[in-house]
Amino acid sequence: MHVFYTPDIQTSTELPEEEAQHCVRVLRLTAGDEISLTDGKGNFYRAEISVATHKRCLVNIKETIYQEPLWDGHLHIAMAPTKNMDRNEWFAEKATEIGFDELTFLNCRFSERKVIKTERIEKILVSAIKQSLKARLPRLNEMTDFCTFIEKDFKGQKFIAHCYEGEKPLLKDVLTKGEDALVLIGPEGDFSEEEVKKAIEKGFVPISLGKSRLRTETAALVACHTMNM
C-alpha cells in the first residue's frame, strides 16, 4: 500500500500539496481508495480518500497505528558533509533505511563543503522513511561549526572517529546498549589534531570503525549501523 507523509494529519485531514499531487496525478488514486499515512512522529494511519482533485486530496482516518521504537536510545550522527553532494544524499537515504534519530552537518577546519542546503536532504529523509516503513522522521539540523557543536550538552555516550594514532577501541566494543549515542565523523581530510583534542576535553571518546580507511559517508554509515545493531 502507498505511504504518504502527512505531518499535520492530527489537525488537518488534507494531504500536503506535493503528496496530494503524487497521490492523485501520478498514482491516479480516487475517492474511496485506501492509503497509508505517517506523521513522522511515531504513527501510521489507515485512511480512505474522500476528495480527490488535481490539487487537493482529503482523507478520512479509519485507524491510527502506533509504531513502537525500532531501536533503543537516541542515535545521532554529526558529520562533515562531503564535497560531492550526491554522497551526502546517499548517506541520508541509507542511514534512514537502517535507522537513526538525528543528523547534524559539521563545519570543520578541513571541510571541503562549507555550506549545505538541507531542503533536498529533508525530502530524501521523508522518502526513505516511507520506503522503509518507519513512522519516525529523523531530525535534520543545519550546518553547525564544530567547536560550537561540541560545547552543547548531550545525554548519553559521545564518540569521535578519527585517523590519528593512539588507543581507539572499536565502536561496537564500547557502546552501551540502550543508551543515547552521538558519533562525530570528520571530513575527507579528517578532523584537525586540535579539533580532536578539544573534543576529547569535552568528553568525546576516540573510537575506531575498523581497519579499513573509509570515505566520510561510508564511515558515517558504518557508525549508524553499529549503533543501530
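Note that this is a predicted model, so its numbers are computed, not measured. Side chains are part of it too, since the values below use all heavy atoms of this structure and drop only hydrogens, waters and symmetry mates.
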Thr30 and Ile49: CA distance, side-chain angles, deciding distance, side chain to side chain contact (heavy atoms under 4.5 Å, CB included) verdict: CA-CA 7 Å; Thr30 60; Ile49 297 174; over 6 Å; no
Joint cluster assignment, Ile61 & Val51, ILVMFWY side-chain distance < 4.5 Å: no
Residue pair Met85 / Arg113, side-chain heavy-atom distance below 4.5 Å: yes
Asp8 side-chain N/O to Ser12 backbone N/O, donor-acceptor pair under 3.5 Å: no
Inter-residue atom distance Glu97.CD - Ile129.CD1, 0.5 Å rounding: 12.0 Å
4.5 Å side-chain heavy-atom contact, Val183 and Lys158: no
Candidates Phe110, Phe146, Tyr164 - the one meeting ring pair (Phe, Tyr, Trp, His ring centres under 6.0 Å) with Phe191: Phe146
Over 12 foreign heavy atoms within 6.0 Å of NZ, Lys198: no
Path from Leu214 to Ile207 over hydrophobic side-chain contacts below 4.5 Å: yes
Cluster overlap Val222 with Phe159, hydrophobic side-chain contacts below 4.5 Å: yes
Side chain proximity check, Val26 to His22, heavy atoms < 4.5 angstrom: yes
Side chain Asn228, main chain Gly99, donor-acceptor under 3.5 Å: yes
Donor + acceptor pair across side chains of Asp180, Gln157 (<3.5 Å): no
Closest approach of Val24 to Cys57 (non-hydrogen atoms, all atoms of both residues): CG2-CB, 4.1 Å
Interatomic spacing from OG in Ser36 to CD in Glu63 - rounded to 0.5 Å: 9.5 Å
Side chain Thr38, main chain Phe4, donor-acceptor under 3.5 Å: no
Flag, side chain of Thr176 to backbone of Glu179, donor-acceptor distance under 3.5 Å: no
By side-chain hydrogen bond (donor to acceptor under 3.5 Å, both in side chains) - contacts of Glu151 (at least two apart): Lys202
Heavy-atom side-chain proximity of Val59 to Leu15 below 4.5 angstrom: yes
Separation between CE of Met227 and NE2 of His74, rounded to the nearest 0.5 Å: 9.5 Å
Proximity of Phe149 and Phe154 rings by center, below 6.0 Å: yes
Rounded distance (nearest 0.5 Å) linking atom CG of Asp145 with atom CD1 of Ile150: 9.0 Å
Contacts of type side-chain hydrogen bond (donor to acceptor under 3.5 Å, both in side chains), residue Glu34, not counting sequence neighbours: Arg46
With Met79, the side-chain contact (heavy atoms from CB on, under 4.5 Å) member among Thr104, Leu106, Asn88, Leu184: Asn88
Ser111 (side chain) donor-acceptor with Asn107 (main chain) under 3.5 angstrom: no
Glu188 vs Arg87, side chain to side chain contact (heavy atoms under 4.5 Å, CB included): CA-CA, chis, key distance, verdict: CA-CA 12 Å; Glu188 289 155 342; Arg87 291 180 179 172; 3.9 Å; yes
Enclosure of Glu201 CD (heavy-atom neighbours >12, cutoff 6.0 Å): yes
Whether Arg136 side chain and Gln67 backbone form a donor-acceptor pair below 3.5 Å: yes
same_hphob_cluster(Phe100, Ile98) at 4.5 Å side-chain heavy-atom cutoff: yes
Check: Trp90 and Ile124 side chains under 4.5 Å, non-hydrogen atoms: no
Polar side chain donor-acceptor pair, Glu142 to Thr118, under 3.5 angstrom: yes
Joint cluster assignment, Leu70 & Leu175, ILVMFWY side-chain distance < 4.5 Å: yes
Heavy-atom side-chain contact between Ser208 and Leu171 under 4.5 Å: no
Between CD1 on residue Ile77 and CG on residue Leu182, distance to nearest 0.5 Å: 8.0 Å
Under 3.5 Å donor-acceptor, Ser127 side chain and Lys123 backbone: no
Whether over 12 other heavy atoms sit under 6.0 Å from Lys114 NZ: yes
Side-chain heavy atoms of Thr6 within contact of Pro16, under 4.5 Å: yes
Thr53 vs Arg56, side chain to side chain contact (heavy atoms under 4.5 Å, CB included): CA-CA, chis, key distance, verdict: CA-CA 5 Å; Thr53 69; Arg56 302 184 68 193; 3.5 Å; yes
Side-chain (Thr82) to main-chain (Asn84) donor-acceptor, under 3.5 angstrom: yes
Side-chain touch Arg109/Glu195, heavy atoms, less than 4.5 angstrom: yes
Rounded distance (nearest 0.5 Å) linking atom CG of Leu209 with atom CG of Leu170: 8.5 Å
N/O donor-acceptor pair under 3.5 Å between Lys168 side chain and His162 backbone: yes
Side-chain ion pair, Glu19 and Lys130, N-O less than 4.0 Å: yes
